[in-house]
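Here is the structure we will look at, set down as structure tokens.
Just follow the structure's listing: the first ligand is 1, and inside any ligand the first atom is 1.
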Amino acid sequence: MTWNLFDRLLPSETDQTICIEKESGATLTYGELAALSGRFAGFLANKGIGPNHRVAAKVEKSVEAVALYLATLRAGAVYLPLNTAYTPAETEYFVRDAQPTLIVCDPKEEADLRAIAAKAGGHVETLDHQGKGSLVDAAAVYSADFNTVPRAKDDLAAILYTSGTTGRSKGAMLTHGNLVSNALTLVAQWRYSHRDILIHALPIYHIHGLFVACNVTFAARARILFMQKFDADRILPAMARSTVLMGVPTFYVRLLQSENLNDQTTGNMRLFVAGSAPLLAETHLAWKQRTGHEILERYGMTETGMIASNPYEGPRIPGSVGRALPAVEVRITDLETGVELPSDEVGMIEVKGPNVFAGYWKMPDKTAAEFRTDGFFITGDLGKLDTRGYLHIVGRGKDLIITGGFNVYPKEIETEIDAIPGVSESAVVGVPHADFGEGVTAAVVRASGSSVDERAILDALSVRLAKFKQPKRIIFVDALPRNAMGKVQKALLRERFGDLYSAKVD
Ligand code: AMP
């Protein structure tokens with residue numbers, strides 16, 4: 001039995017059900033997507049690309065880019081999506097590290113990629129945001145019928161580089177088994193069916209937009225409304241004929257700013273999913289108040305796919321990412337001893353299951369260091385399991401602040417600050433401090449029209465938090481630095497505030 005994701009999720013190649021609808025209104029059926037991926041796969045195979053060869057794609061979002069992903073899997077090769085925002089220097093690192101046989105890039109970057117390929121090896125083709133380019137031209141002569149190469153469960157399907165906020169970016173190796181199991185689990189968990197229409201406004205170089213959004217939709221034979229990027233003015237009207245939205249928390253915060261968001265404009269929708277970064281309980285509640293819908297928050301990461309999800313039926317708890325998915329085991333361990341902790345105690349989140357990746361590309365030592373001997377992967381996220389088995393994330397391990405020997409979890413401080421009138425949002429980081437090792441420091445965005453000041457925030461916190469947890473400084477910023485997936489870039493804040501306490505000891 002083959003585990004090739006294409007055979008598992010998109011088996012009937014001539015299906016005339018609509019699979020993708022573009023913003024122009026043009027549609028592509030499952031059969032047409034299969035045919036396009038077949039031509040691309042034919043081209044790849046003709047270039048000698050097969051099992052274990054890497055195909056890198058640094059391309060804008062397009063239906064043809066989705067077909068390239070499927071074609072790579074069909075040829076038995078390994079798909080390597082690259083964030084379109086990477087600079088040539090960053091791209092060169094990934095190409096040298098992964099040594100793709102083929103690099104598909106936007107025509108605007110062709111010269112850069114050719115220069116990189118000249119040094120690192122690899123053939124270059126182009127594909128633009130409209131789905132045009134040398135790849136499409138070259139593939140046109142190949143047959144739409146391609147015999148998908150059988151793959152085993154543990155064979156590699158994709159390598160996705162982690163964001164690399166600590167040290168070198170690592171290539172997470174994901175297998176066909178990982179992707180197939182995660183997609184089928186989510187179809188069942190989220191009650192996905194062929195009647196669903198998904199609003200897809202996420203990038204497709206990341207697991208959220210590629211594996212969660214596309215694979216789950218394919219597996220259910222549902223339809224994708226394919227949007228180039230997030231645009232509240234386009235998403236809101238699209239809700240009238242859609243059923244599901246998958247987004248990062250920023251999507252929901254921005255949609256809430258629209259006066260047109262209400263129970264009527266969202267009346268046809270059955271599911272709003274949030275993930276990739278923490279959804280504030282406040283956003284969850286505001287969304288419920290405005291639309292009557294409870295956002296379903298889930299938790300996952302590049303290395304593991306989806307780990308936990310709030311239930312489709314049953315309580316969705318604001319501030320929690322829900323229970324471990326079926327067949328996925330989650331445990332919390334002591335940061336120093338690695339011993340499993342009881343309910344409600346904060347520690348390292350560890351995970352084991354068919355979703356967990358095969359290791360980091362060419363980094364056996366790093367891989368070994370992040371797995372326990374009993375197969376659990378050490379996620380690097382800190383959290384606790386409550387007595388009902390719901391997981392609560394308190395932040396990344398590397399964001400833990402140790403001040404005067406005490407552990408401070410940024411999320412606890414951020415939650416308190418966010419509750420202060422006049423505050424829109426905050427991010428708390430540890431900054432080098434001569435006396436305390438690290439000084440708790442908060443970046444705060446004021447609510448519009450608010451003039452709340454440092455003193456008012458510190459006074460409010462002084463009655464809510466132990467002294468060691470109280471920020472030493474509050475720095476007001478216009479906006480928190482976020483990446484394309486809506487994650488707050490705490491490393492940038494630590495860098496920016498690096499000198500704050502160097503001349504001052506308080
Ligand atoms: P990535 O590998 O880019 O998908 O990032 C994974 C990381 O995003 C996780 O390790 C978490 O730190 C964070 N993350 C993902 N989903 C959530 C969530 N629902 N709440 C809080 N953090 C999340």
For T175, does its backbone N or O pair with a side-chain atom of N178 as donor and acceptor, under 3.5 Å?
yes
Checklist line | Residues E90 and K58 bridged, charged N to O under 4.0 Å | finding: no
Do ligand 1 and E303 have nitrogen or oxygen atoms that lie under 3.5 Å from each other? no
Note: H208, heavy atoms under 4.0 Å from ligand 1, region reported as neither
So CZ of R496 and CD of Q489: to nearest 0.5 Å the spacing works out to 12.5 Å
Salt bridge flag under 4.0 Å for residues E303 and K170: no
*asked:* If the contact criterion is a heavy-atom separation under 4.0 Å, does M485 count as touching ligand 1?
replied: no
With sequence neighbours left out, the residues meeting side-chain hydrogen bond (donor to acceptor under 3.5 Å, both in side chains) with K352 are none
In ligand 1, the atoms that come under 4.0 Å of a heavy atom of E297 are 18 (C), 19 (N), 20 (N)
Logged contact type for A274 with ligand 1, heavy-atom cut-off 4.0 Å, is neither
Report the C-alpha separation of F357 and F377 in whole Å, then their side-chain angles, then the decisive distance to 0.1 Å, and conclude whether the ring pair (Phe, Tyr, Trp, His ring centres under 6.0 Å) test is met. CA-CA 9 Å; F357 75 137; F377 172 63; 5.0 Å; yes
Going by the 4.0 angstrom heavy-atom rule, the piece of P278 near ligand 1 is both
Quick note on ligand 1: atoms under 4.0 Å from a heavy atom of T302 include exactly 1 (P), 2 (O), 3 (O), 4 (O)
Quick note on ligand 1: atoms under 4.0 Å from a heavy atom of V321 include exactly 18 (C), 19 (N), 20 (N)
### Task
Check if I393 has a non-hydrogen atom at a distance under 4.0 Å from any atom of ligand 1.
yes
inquiry  = Counting only heavy atoms from other residues, nucleotides and ligands, does the tally under 6.0 Å from NZ of K288 exceed 12?
reply    = no
Polar contact flag for K487 and ligand 1 (N/O pairs, less than 3.5 Å)
yes
